[in-house]
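Everything below concerns the one structure shown next.
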Amino acid sequence: MPFRHKTPNTMGSDTDTGSDDYTLFQPGEGRRNKEGVGWLAGGSLVGLGGLAYMARNFKNRGTTKVSVYLIHTRLLVQGSVIAMLTGGMVAQMVTKMRKG
């Protein structure tokens, strides 16, 4: 049975449907809509991989200041995660456009 929530009658709406409840979600809806989870996990793994790479090469940074190296690390991790998620978004858009 879906979760039902009583609507308050204090707002004075003109669109009264005669029903005092509405459905917030359908049962099982969350289990079916997991199309982008693989891309999210992939983006997380790519970001962690970039972080591990930069952490491993920290001692070989040369004359680069620590603050600049941390900024570069942040840019690498953010860029790789955003690139992965953008790729997933484009792939989903293409597949949805091809379906119909």
What is the distance from atom CE of Met84 to atom CG of Leu40, rounded to the nearest 0.5 Å?
->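 Met84 CE to Leu40 CG: 10.0 Å, rounded to 0.5 Å.
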
Pairs flagged by side-chain hydrogen bond (donor to acceptor under 3.5 Å, both in side chains) wherever residues 55-65 is involved - sequence neighbours left out =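 As it turns out, the side-chain hydrogen bond (donor to acceptor under 3.5 Å, both in side chains) pairs with a partner in residues 55-65, which skip direct neighbours, are Tyr53-Asn57.
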
Work out which heavy atom in Gly88 is nearest to a heavy atom in Trp39; give both atom names and the distance.
->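 So the two residues come closest at CA-CD2, 3.1 Å.
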
Do Met54 and Val66 share a hydrophobic cluster (ILVMFWY, side-chain heavy atoms under 4.5 Å, transitive)?
->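 The answer is yes; both residues are in one hydrophobic cluster.
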
Which pairs of donor and acceptor atoms, one on a side chain in residues 73-82, lie under 3.5 Å apart (sequence neighbours left out)?
| from | atom 1 | to | atom 2 | distance (Å) |
| --- | --- | --- | --- | --- |
| Thr73 | OG1 | Tyr69 | O | 2.8 |
| Arg74 | NH1 | Gln78 | OE1 | 2.9 |
| Ser80 | OG | Leu76 | O | 3.1 |
| Ser80 | OG | Val77 | O | 2.9 |

